[in-house]
Amino acid sequence: MLEAARALLGSILISDVGGARTAVRLIEVEAYGGGDDPASHAFRGPTLRNRSMFGPPGTFYVYRSYGVHWCANVVAGLEGTPAAVLLRAGEPVQGREVMEERRGRPDHLTDGPGKLCRALALTGEHDGTSVWEGPVRLTEGDAPPGVVAASSRIGVTRGGDLPWRLVLRTGWR
DNA sequence: CGGTGGATTCTCT
DNA sequence: GAGAATCCACCGA
């Protein structure tokens with residue numbers, strides 16, 4: 001599980017949504033388990049909302065947070081084994097102008113789960129799509145992860161104790 | 001069938 | 001630093 005999250009660090013997330021191409025390099029992710037992880041949406045079993053988490057690996061799980069934002073995950077567990085990696089933050093590598101326009105700001109474009117989705121125009125429409133075949137794709141980054149720091153997960157009301165938040169060292173936090 | 005709360009973000013004080 | 005915004009699936013009755 002943590003290996004999957006670690007592998008995602010440094011990967012390039014490409015979005016062709018809306019006709020414009022935007023891409024970021026992932027620098028922060030969080031791992032979530034299944035029935036044994038109280039913080040996971042899949043803790044209580046499959047539901048309409050989290051059904052994507054129970055799909056095959058390489059599936060996007062996008063959900064609405066606080067009724068306002070979108071948060072994107074990549075399913076990492078085997079089919080039937082709910083486990084996903086939340087994409088928390090990245091750094092723009094392509095289409096920065098488009099992101100600025102979508103965000104309405106010149107900075108802090110992709111330094112949060114909700115911001116990341118908005119910058120890439122990720123919405124619930126992409127929930128359940130493949131990370132290799134859909135309008136939003138994931139490719140291996142050319143830059144191998146440097147120093148990876150692990151810490152507790154953020155914003156979680158239950159089970160925030162597990163050090164499953166992984167950050168690529170870029171001089172942040 | 002209605003209340004509730006969330007893996008957040010922005011704005012104002 | 002605190003509080004609002006804002007939607008809908010889930011939970012309990």
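Residue numbers begin at 1 in each chain, while the letters A, B, ... track the order of the sequences.
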Please answer whether the main-chain N or O of [Y] pairs with a side-chain N or O of [X] as donor and acceptor at a distance below 3.5 Å.
{"X": "A/N50", "Y": "A/H41", "value": "yes"}
{"X": "A/S40", "Y": "A/G33", "value": "yes"}
{"X": "A/N73", "Y": "A/Y61", "value": "yes"}
{"X": "A/R25", "Y": "A/G10", "value": "no"}
{"X": "A/R137", "Y": "A/D16", "value": "no"}
{"X": "A/E30", "Y": "A/I154", "value": "yes"}

A/R103 CZ to A/L116 CG distance, which is reported to the nearest 0.5 Å: 10.0 Å
Secondary structure string for DNA chain C (Watson-Crick or G-U under 3.5 angstrom, | for other-strand pairs): |||||.||||||.
Close N or O pairs between protein and nucleotides 5-7 of chain B (under 3.5 Å):
from  : atom 1 : to    : atom 2 : distance (Å)
B/dA7 : OP1    : A/H41 : NE2    : 2.7
B/dA7 : O4'    : A/Y32 : OH     : 3.4
B/dA7 : N9     : A/Y63 : OH     : 3.3
B/dA7 : N7     : A/H41 : NE2    : 3.0
B/dA7 : N1     : A/N73 : OD1    : 2.1
B/dA7 : N1     : A/N73 : ND2    : 3.4

Sequence neighbours excluded - ring pair (Phe, Tyr, Trp, His ring centres under 6.0 Å) pairs with any residue from residues 84-132 of chain A: none
Exercise: identify the closest heavy-atom pair between A/L138 and A/L8: CD2-CD2, 3.2 Å
side-chain contact (heavy atoms from CB on, under 4.5 Å) partners for A/R51, two or more places apart: A/L48, A/D127
Qualifying residues under side-chain contact (heavy atoms from CB on, under 4.5 Å), relative to A/C71, sequence neighbours excluded: A/Y63, A/S65, A/L86, A/P113
Sugar-phosphate only, base, or nothing, as touched by A/R105 at under 4.0 Å among non-hydrogen atoms: sugar-phosphate
Atom pair distance, as rounded to whole Å: [atom1] in [X] and [atom2] in [N]:
{"X": "A/H108", "N": "B/dT8", "atom1": "NE2", "atom2": "C1'", "result": "15 Å"}
{"X": "A/R118", "N": "C/dA5", "atom1": "CZ", "atom2": "C1'", "result": "12 Å"}
{"X": "A/H69", "N": "B/dC10", "atom1": "NE2", "atom2": "P", "result": "7 Å"}
{"X": "A/F43", "N": "C/dC10", "atom1": "CZ", "atom2": "C1'", "result": "15 Å"}

Give each protein N/O atom lying under 3.5 Å from an N/O atom of nucleotides 11-13 of chain C, with the pair distance.
none

Distance below 4.0 Å between A/R103 side-chain N/O and B/dC10 OP1 or OP2: yes
